[in-house]
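Notes follow once the structure below has been shown.
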Amino acid sequence: MSGAAHADDHAHGHGGHGQDAHGHGSFKDYVTGFVLSVILTAIPFWLVMDNVIEDKIVTGVVILALAVVQIVVHMIYFLHMNTKSEGGWTFLALIFTITLVVITLCGSIWVMHHLNTNMMPISAEEMRHAP
């Protein structure tokens, strides 16, 4: 078996998106990841700039969902994480990363909500009655 054929078998044996023997993605994968990233960045920009969805909470949830999808796109197309490479450890890293992202996003929304609620200015009348 020639070296090129062995490298080709080795690349297909790892089940990646066209990865070579060293785990690097193909040009097509990088272009696909880039195009998906641009689309997933442009959609939230468009949603906010054109006020497409009237409800700000729904807009925020849609933007957060697109952010999570974009993180997964980056992990698959640029970091080459899948269930077959590295004996499944990269997939566990993906699950761990998604868990951390959910915790971070939910915590950030919770903090911003409470800052908005607790930092509202009070009137002079309310200040006179404050303890």
Side-chain angles (χ1 to χ4, degrees):
M1 181 184 276
S2 71
H6 177 71
D8 189 49
D9 287 344
H10 187 69
H12 292 295
H14 284 285
H17 286 269
Q19 294 178 1
D20 65 9
H22 302 290
H24 300 150
S26 68
F27 181 73
K28 179 183 172 190
D29 287 334
Y30 285 117
V31 170
T32 302
F34 176 74
V35 169
L36 287 173
S37 295
V38 168
I39 291 169
L40 290 169
T41 301
I43 291 172
F45 184 79
W46 169 69
L47 289 174
V48 172
M49 293 306 291
D50 288 346
N51 200 19
V52 175
I53 304 172
E54 293 295 325
D55 189 3
K56 292 184 191 298
I57 293 175
V58 173
T59 302
V61 170
V62 169
I63 290 172
L64 289 176
L66 290 169
V68 170
V69 171
Q70 188 170 46
I71 289 169
V72 172
V73 164
H74 282 258
M75 293 180 73
I76 291 171
Y77 287 98
F78 299 121
L79 299 177
H80 314 296
M81 293 184 158
N82 58 44
T83 57
K84 295 182 176 96
S85 65
E86 300 290 333
W89 284 106
T90 55
F91 185 70
L92 288 175
L94 173 67
I95 292 171
F96 179 70
T97 302
I98 289 172
T99 303
L100 287 179
V101 166
V102 167
I103 291 170
T104 302
L105 292 176
C106 291
S108 297
I109 291 171
W110 181 72
V111 167
M112 287 186 282
H113 170 73
H114 284 284
L115 283 175
N116 186 40
T117 302
N118 294 327
M119 298 300 287
M120 295 298 293
I122 60 173
S123 67
E125 182 66 30
E126 291 173 336
M127 287 181 76
R128 280 188 235 133
H129 293 20

Reported [atom1]-to-[atom2] distance for the pair [X] and [Y], which is rounded to 0.5 angstrom:
| X | Y | atom1 | atom2 | answer |
| --- | --- | --- | --- | --- |
| Leu40 | Ile71 | CG | CD1 | 11.0 Å |
| Leu100 | Ile95 | CG | CD1 | 12.5 Å |
| Leu64 | Ile109 | CG | CD1 | 4.0 Å |
| Lys56 | Asn51 | NZ | CG | 6.0 Å |

Test of understanding: clusters of I, L, V, M, F, W, Y form through side-chain heavy atoms closer than 4.5 Å, transitively. Do [X] and [Y] belong to the same one?
| X | Y | value |
| --- | --- | --- |
| Phe27 | Leu36 | yes |
| Val73 | Trp46 | yes |
| Phe96 | Val102 | no |
| Val101 | Val61 | no |
| Val69 | Leu79 | yes |

Any idea which heavy atoms bring Ser37 and His74 closest together, and the distance?
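Scanning both residues, the minimum pair turns out to be OG-NE2, 3.2 Å.
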
Pairs in or reaching into residues 93-113: which pass side-chain hydrogen bond (donor to acceptor under 3.5 Å, both in side chains), with residues at least two apart or in two chains?
Trp110-His114

Partner of Pro44 under side chain to side chain contact (heavy atoms under 4.5 Å, CB included), chosen from Ile63, Thr59, Val62:
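By the side chain to side chain contact (heavy atoms under 4.5 Å, CB included) criterion, Pro44 pairs with just one of Ile63, Thr59, Val62: Ile63.
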
May I ask you to check whether over 12 heavy atoms, not counting those of Ile57, lie within 6.0 Å of atom CD1?
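Not more than 12 within 6.0 Å, no.
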
Indicate the ring-plane relationship of Tyr30 and Phe78, choosing parallel, tilted or perpendicular according to the 30° and 60° boundaries.
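Correct class here is parallel.
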
